[in-house]
Amino acid sequence: MLDIKLLRDNPELVDRGLKRRGLAAPLDHFLELDARRRSLLTEVEKLKHKRNVVSEEIGKLKKAGKEPVELIAEMREVSQRIKALDEEIRAVEEELDKELLTLPNLPHSSVPDGSGPEDNVVVRTWGEKTSFSFTPRPHWEIGEELGIIDFERGSKVAGARFVFYRGAGARLERALINFMLDLHIEKHGYTEVFPPYLVNSQTMIGTGQLPKFAEDMFHVTGTDYYLIPTAEVPVTNLYRDEILDGDLLPIYHVAYSACFRAEAGAAGRETRGLIRQHQFNKVELVKFTRPEDSYEELEKMTRDAEEVLRLLGLPYRVVVLCAGDLGFSAAKTYDIEVWFPAAGTYREISSCSNCEDFQARRANIRFRPSPKEKPRYVHTLNGSGVAVGRTLAAILENYQREDGSVVIPPVLRPYMGGQEVIARKGS
RNA sequence: GGAGAGAUGGCCGAGUAGGUCGAAGGCGGUCGCCUGCUAAGCGAUUGUACAGGCUUCAAGGCCUGUACCGCGGGUUCGAAUCCCGCUCUCUCCGCCA
């Protein structure tokens, strides 16, 4: 969430930031509530002070053998007044909190203006678009023909947007996961964590999914458990309500997890194939940094994610999201888009964001710069490193051959028992 | 799932016939002294949040108050201490991958 002091002291700045996102925020109402809260606080704190002083006095009198009847009666009234005021404050704070928790992060100054994906700006491109001597086919056709992806049975067993991988497909998915994890652990210095897939609502608030985006998630009925939409959620919340030693920063974590998304409202958009599933695999990068380092760390993290695609030989480009296309918690985001030859388009395969202190403030994640100094909020970053299912799809399309077989990228072969090609049984 | 025990400050750990407890003591940290250096020793200091006031160009600093002894509620003039509910941890039993 945003700093309440920033809203108070500099509402025009906040307003400008939210406008860039295409939002008109009701800041007047907010400021009103805030002023009301503070005046109530002043009043009730004075009364509490009185109660504390007089109560102590009563104790002394009683010890001296006296019975201060009028004082006790007076304090009884004071206590009732305090109770009423506390109740009022709670109500105001609840409303204030609700508003604060539904305001998105402000875009960083380096983020371009714009209202949607069409205004995102390409910052670099890597690799040549794959060329074919035949018409490349979409990955779902290739996968079904090879018998390595089974959409139909996925629908039967679970429903639309669920899939079975089988045989070399299942192994390829697993190979990708291990390849990505090993790369980030061994070469980029990340520490692996394996998180819970179910988390509580407080965790979901910490990273910004709740209270605003409940309909995007799967919720376990009758419990406070939600299926994670990304490992970013549990991993960022790892250090919730903690004060980290400044020497530990920056912290790099990498986590594999399955991800679960309700995809409400996504009907009809890219429904085919592996692109948009209710459950998919992802290797996620999460960083906790000092505020002054976070933008440099964002660049590094993006490069770390890009290297996955370079090693796999998949052509891609990096775009910086415009203000209007930014996610709720992000101040700046780079999307990495991989080339899909059948559709002739680049598609998102990774999203690397700096959330600055937006999540840290919600989740109360702080660090002590040095033993003498006061705690400060860390900056949190997260990025896909990268989405596994989409990578598998991209491999099928970019590495397909005319006979329907698919070459396995060399870096993955050690993870595939040396297998070099996936071909139809019997061919 | 059943039975029992517990949850106190960065960590460990006192404190329950309710009042002077933001909380003994220790460790760790910081500052100073001492030592040729290091270690040891001596002394001082050391929580967080919110609100108000003072101060600074600012970062920040100072003062006052309030809250916080797992979380939420209750009793009381007054609760770390009493009562109720919940959560989590540990031990034993059952079950299970």
Side-chain angles (χ1 to χ4, degrees), chain A residues 1-10 13 30-97 99-101 194 196-206 220 222-226 234 237-249 251 258 288 290-292 357 360-378:
Chain A
M1 70 187 135
L2 300 176
D3 188 352
I4 192 163
K5 289 184 189 118
L6 183 69
L7 268 99
R8 202 140 70 200
D9 300 341
N10 215 334
L13 187 147
F30 175 90
L31 293 173
E32 223 169 86
L33 282 172
D34 180 52
R36 174 148 177 70
R37 169 177 173 269
R38 282 187 291 163
S39 84
L40 284 168
L41 264 185
T42 309
E43 190 182 348
V44 80
E45 284 184 358
K46 269 186 196 146
L47 286 175
K48 284 180 177 175
H49 176 57
K50 182 175 181 185
R51 183 176 69 182
N52 287 343
V53 170
V54 176
S55 287
E56 200 180 318
E57 181 74 12
I58 290 171
K60 280 180 186 157
L61 287 170
K62 283 204 161 189
K63 233 165 213 162
K66 292 176 188 156
E67 200 57 41
V69 183
E70 325 81 50
L71 269 187
I72 289 178
E74 191 192 338
M75 283 307 103
R76 191 172 291 142
E77 269 174 45
V78 169
S79 272
Q80 263 158 20
R81 176 87 186 115
I82 287 172
K83 210 170 180 180
L85 284 171
D86 273 342
E87 185 49 49
E88 215 173 328
I89 290 168
R90 189 171 358 204
V92 171
E93 286 186 339
E94 196 177 309
E95 202 173 335
L96 211 46
D97 251 24
E99 303 225 345
L100 262 183
L101 286 175
F194 201 123
Y197 288 4
L198 290 167
V199 297
N200 58 36
S201 54
Q202 193 55 48
T203 293
M204 285 296 188
I205 288 170
V220 183
T223 74
D224 188 39
Y225 292 136
Y226 294 81
N237 277 278
L238 243 190
Y239 304 113
R240 173 147 56 82
D241 293 321
E242 291 188 32
I243 299 172
L244 301 166
D245 187 338
D247 293 343
L248 296 174
L249 300 179
I251 294 171
F288 303 84
R290 289 169 180 262
E292 59 271 27
D357 63 5
R361 187 168 270 116
R362 289 173 158 249
N364 192 29
I365 309 167
R366 292 173 294 173
F367 74 104
R368 203 179 290 281
S370 69
K372 263 271 166 143
E373 288 178 84
K374 293 183 67 170
R376 300 182 61 194
Y377 289 114
V378 300

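Letters A, B, ... mirror the listed sequences (proteins, then strands); counts begin at 1.
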In whole angstrom, give the distance that lies between atom NZ of A:Lys62 and atom P of B:U76. 13 Å
Going by modelled atom types, is there a donor-acceptor pair between the base of B:U66 and the side chain of A:Lys50 at under 3.5 Å? no
Among the nucleotides B:C77, B:U20, B:A49, whichever has the atom closest to the side chain of A:Lys374 is B:A49
Rounding to an integer number of Å, can you tell me how far A:Ile243 CD1 sits from B:C11 P? 9 Å
Please state the P separation for the pair B:A67 and B:G1 - nearest whole angstrom. 38 Å
Nearest to side-chain heavy atoms of A:Asn52, which nucleotide of B:A67, B:G78, B:G73: B:A67
Paired with B:U75: which nucleotide, if any, by Watson-Crick or G-U wobble criteria at under 3.5 Å for both distances? none
Short side-chain N/O contact from A:Arg37 to OP1 or OP2 of B:A51, under 4.0 Å: yes
Starting at CG of A:Leu96 and ending at P of B:A51, how long is that distance when rounded to a whole Å? 10 Å
Interatomic distance where NZ belongs to A:Lys63 and C1' belongs to B:G18 [whole Å]: 10 Å
Tell me what A:Lys46 touches on the nucleic acid: a base, only sugar-phosphate, or nothing, going by heavy atoms under 4.0 Å. nothing
With heavy atoms under 4.0 Å as the rule, sort A:Pro68 into base, sugar-phosphate or nothing. nothing
Check the surroundings of atom OH in A:Tyr225: do more than 12 heavy atoms from other residues, nucleotides or ligands lie under 6.0 Å from it? no
Between A:Arg366 and B:A49, is there a side-chain N or O to OP1/OP2 distance below 4.0 Å? yes
Test your reading of the model: is there a side-chain donor-acceptor pair from A:Arg376 to the backbone of A:Arg366, 3.5 Å cut-off? no
Report yes if at least one side-chain N or O of A:Lys83 is closer than 4.0 Å to OP1 or OP2 of B:U75; otherwise report no. yes
B:A51 phosphate, OP1 or OP2: any side-chain N/O from A:Arg8 under 4.0 angstrom? yes
Thinking salt bridges, do A:Glu56 and A:Lys60 make one under a 4.0 Å N-O criterion? yes
Of all the nucleotides listed (B:A51, B:C77, B:U48), which has the minimum atom distance to the side chain of A:Thr42? B:A51
For A:Arg38 and B:G65, is the shortest distance between a side-chain N/O and OP1 or OP2 below 4.0 Å? no
Suppose we define a pair by two distances each less than 3.5 Å, Watson-Crick or G-U wobble; what does B:C42 pair with here? B:G32
With side chains defined as the heavy atoms from C-beta onward, is the minimum distance between A:Lys62 and A:Ile72 less than 4.5 Å? yes
What's the NZ-P distance between A:Lys48 and B:C77, to the nearest Å? 17 Å
Can a side chain N or O of A:His49 be found less than 4.0 Å away from OP1 or OP2 on B:G65? no
Re B:G65: Watson-Crick or G-U wobble partner, both distances kept under 3.5 Å, found to be B:C50
For atom NZ of A:Lys60 and atom P of B:G78, their distance in whole Å: 18 Å
Could you pick out which residue, A:Val44 or A:Val54, lies toward the 5' side of RNA chain B when each is mapped onto its nearest nucleotide? A:Val44
What's the gap between B:G85 and B:C90 when it is taken at their P atoms, as a whole Å value? 23 Å
Across all strands, who's sitting opposite B:G18 as a Watson-Crick or G-U wobble pair, both distances under 3.5 Å? none
Can you name the one residue among A:Arg36, A:Arg38, A:Arg37 that meets salt bridge (charged side-chain N to carboxylate O under 4.0 Å, His left out) with A:Glu93? A:Arg37
B:G78 OP1/OP2 closer than 4.0 Å to side-chain N/O of A:Ser79: yes
Between A:Arg361 and A:Asp357, does at least one N-O distance fall below 4.0 Å, as a salt bridge requires? yes
Under 3.5 Å, is there any donor-acceptor pair linking the side chain of A:Glu45 to the base of B:G65? yes
Phosphate-side-chain proximity, A:Arg51 and B:C77, N/O vs OP1/OP2 below 4.0 Å: no
Find the partner of B:G4: check Watson-Crick (N1-N3 plus N6-O4 or O6-N4) and G-U wobble (N1-O2, O6-N3) distances, both under 3.5 Å, and reply none if neither fits. B:C90
Which base, if any, makes a Watson-Crick or G-U wobble pair with B:C96, both distances under 3.5 Å? none
Rounding to an integer number of Å, can you tell me how far A:Ile82 CD1 sits from B:U76 C1'? 13 Å
Which listed nucleotide (B:A51, B:U66, B:C77) is nearest to the side chain of A:Lys5? B:A51
Could you give the CD-to-P distance, from A:Glu56 to B:G18, as a whole number of Å? 18 Å
Checking salt bridge (Lys or Arg N to Asp or Glu O under 4.0 Å) for the pair A:Asp245/A:Arg368: CA distance, chi angles, key distance, verdict? CA-CA 6 Å; A:Asp245 187 338; A:Arg368 203 179 290 281; over 6 Å; no
